[in-house]
Amino acid sequence: MTLDLAKRLDVVQPSATVAIAEKATLLRSQGVDVLSFSVGEPDFDTPKHICEAAKKAIDAGATRYTATGGILPLREAIAARSAARRGGARHEASEVLVSVGAKHTLFNLALALYEPGDEVVIPAPYWVSYPEQVRVAGAEPVIVETTAESGYRVTPAALEAAISPRTKAVVLCSPSNPTGSAYTAEQLRALADVLAKHSCWIIVDEIYGELVYGGFEQKSILEVAPELRDRIVIVDGVSKTYAMTGWRIGWMLAPKALVKACNTIQGQATTNPTTAAQHATIAALTGSQDCVAEMRAAFEKRRALVVEGISGTPGLSCTVPEGAFYVFVDASALLGKKTPGGVALEDDLALCAYLLDEARCALVPGSAFGAPGCFRMSYACSEAQIEAGIARLREAIAKLV
């Protein structure tokens, strides 16, 4: 007898970034020398003072349940750190909900906000989970295409055209995964002027907010448009900034009613985030930020290497990302070419499969982010790996006819 799965799964796609990372890991386990540029994970160790705080907390008995939405000292630390980063825009601890990573935060929001018949506006290229979480909740993602010429930023006119009476939320990411593009204060103000005319939630993923380069001044829509505070949700966490991906701590800063609703959902899903990881996060937020500056400086050097390497490779081009640790590469000039074996590369999926097989470089196809003809290349890896990867890509591309 075959038992059916839930119909909601019919519209949900597996995470392409996870799938490719797993394939690269499998090949490595088989002895294949694969260079992974697919995963969004810093290659640095979690700073020692953060690890020590977790150990100390465990030794002190911090091994039991906590409040569902996180311990009070952590929520207070998040509120204080956020105010310092976002121009003094303040939240009370009751306006903070700590979850098991920023992805969990976004999933809580999807279940708390979206219903069948709702629309959620998402600019593309987008992080792979945004539209899938909308679909899980039974709502419909409305994808707004952006271009390299606009720096992969949605324009006020395009945003206005995408919003309808059914729009429940608009999801932005700055700096962006997968493009690294970020919005200036003026650009955010222009979008806020559009959003002010419509009744919808404004969800802004700022998980990469402290990883910006070249003198770019990171701004939050929360400080640019404080009049919209009652419907702005900020999503953040420690995964990227402090190399704490495996610790799984993320959070939202949002109006109390929404925090309460998400707390109810979380209470029926995971209860609290890991207790020791919460104590480690307090140390991350309140301790020395030298580790962040060191990682940022390393990422900036790597960014320059990747941009230079891609720009000097025939058939590839890219914009210079303001932040995060990705370069989004336009490879459309290579589509239609044939491999040495005579196989036509009809799309970015085929191209990335070829580059994995021939160059032994794991990259994420742009189609996964709603941008066919491109691929995402992470530079959260060593300079030596970047240089080796660029050389491999050039050699593999040179074989195409």
Side-chain angles (χ1 to χ4, degrees), residues 8-20 38-40 99-116 118-146 152-154 158-159 162-164 166-183 188 191 195 200-209 220-221 231-237 239-240 245 250-254 258 262 265 321 323-324 326 328 364-372 374-376 378:
R8 70 175 63 90
L9 292 177
D10 293 346
V11 296
V12 180
Q13 298 297 317
S15 170
T17 52
V18 171
I20 290 172
S38 61
V39 69
S99 302
V100 188
K103 182 183 284 189
H104 183 206
T105 295
L106 288 159
F107 196 81
N108 283 341
L109 287 167
L111 293 184
L113 295 177
Y114 312 148
E115 298 177 294
D118 287 342
E119 294 178 347
V120 180
V121 175
I122 303 171
Y126 47 71
W127 180 50
V128 295
S129 293
Y130 293 151
E132 302 307 325
Q133 291 181 345
V134 171
R135 293 186 180 104
V136 166
E140 185 67 28
V142 175
I143 306 303
V144 184
E145 294 185 5
T146 64
Y152 296 114
R153 287 178 278 266
V154 67
L159 179 61
I163 295 176
S164 79
R166 294 170 57 191
T167 301
K168 191 64 168 288
V170 172
V171 178
L172 300 174
C173 184
S174 180
S176 162
N177 176 5
T179 66
S181 64
Y183 292 87
L188 287 171
L191 296 180
L195 292 166
C200 61
W201 289 95
I202 305 161
I203 300 172
V204 188
D205 185 344
E206 296 183 355
I207 192 76
Y208 297 96
S220 173
I221 198 169
R231 51 195 177 99
I232 290 175
V233 181
I234 300 296
V235 176
D236 206 343
S239 291
K240 316 300 181 178
T245 51
W251 57 79
M252 70 172 75
L253 299 118
L258 181 55
C262 289
I265 290 169
Y326 312 105
F328 204 62
V364 187
S367 294
F369 308 105
C374 301
F375 62 78
R376 189 191 75 175
S378 169

To the nearest 0.5 Å, tell me how far [X] [atom1] sits from [Y] [atom2].
X: L111; Y: I265; atom1: CG; atom2: CD1; result: 5.0 Å
X: Y126; Y: E132; atom1: OH; atom2: CD; result: 7.0 Å
X: Q133; Y: L113; atom1: CD; atom2: CG; result: 11.5 Å
X: T105; Y: I207; atom1: OG1; atom2: CD1; result: 8.5 Å

Beyond-backbone contact of [X] with [Y], side-chain heavy atoms, under 4.5 angstrom:
X: S176; Y: F328; answer: no
X: I234; Y: V204; answer: yes
X: Q13; Y: R135; answer: no
X: V120; Y: Y130; answer: no

- Message: Would the distance check show the side chain of R376 and the main-chain N or O of T179 forming a donor-acceptor pair, the cut-off being under 3.5 Å?
- Response: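 Such a contact is absent between R376 side chain and T179 backbone.
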- Trace of the side chain to side chain contact (heavy atoms under 4.5 Å, CB included) decision for V235 with L109: CA-CA 10 Å; V235 176; L109 287 167; 4.0 Å; yes
- With sequence neighbours excluded, what pairs up with E206 under the side chain to side chain donor-acceptor pair (under 3.5 Å) test?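 Checked E206 against side chain to side chain donor-acceptor pair (under 3.5 Å); matches are R86, S220.
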- Item | Qualifying residues under side chain to side chain donor-acceptor pair (under 3.5 Å), relative to T167, sequence neighbours excluded |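 Scan of T167 (side chain to side chain donor-acceptor pair (under 3.5 Å), adjacent residues dropped) gives none.
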- Message: Run Y183 and V154 through side chain to side chain contact (heavy atoms under 4.5 Å, CB included) and show every step you take.
- Response: CA-CA 9 Å; Y183 292 87; V154 67; 3.2 Å; yes
- Does the ring center of Y326 lie less than 6.0 Å from the ring center of Y208?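 Yes; Y208 has its ring centre under 6.0 Å from that of Y326.
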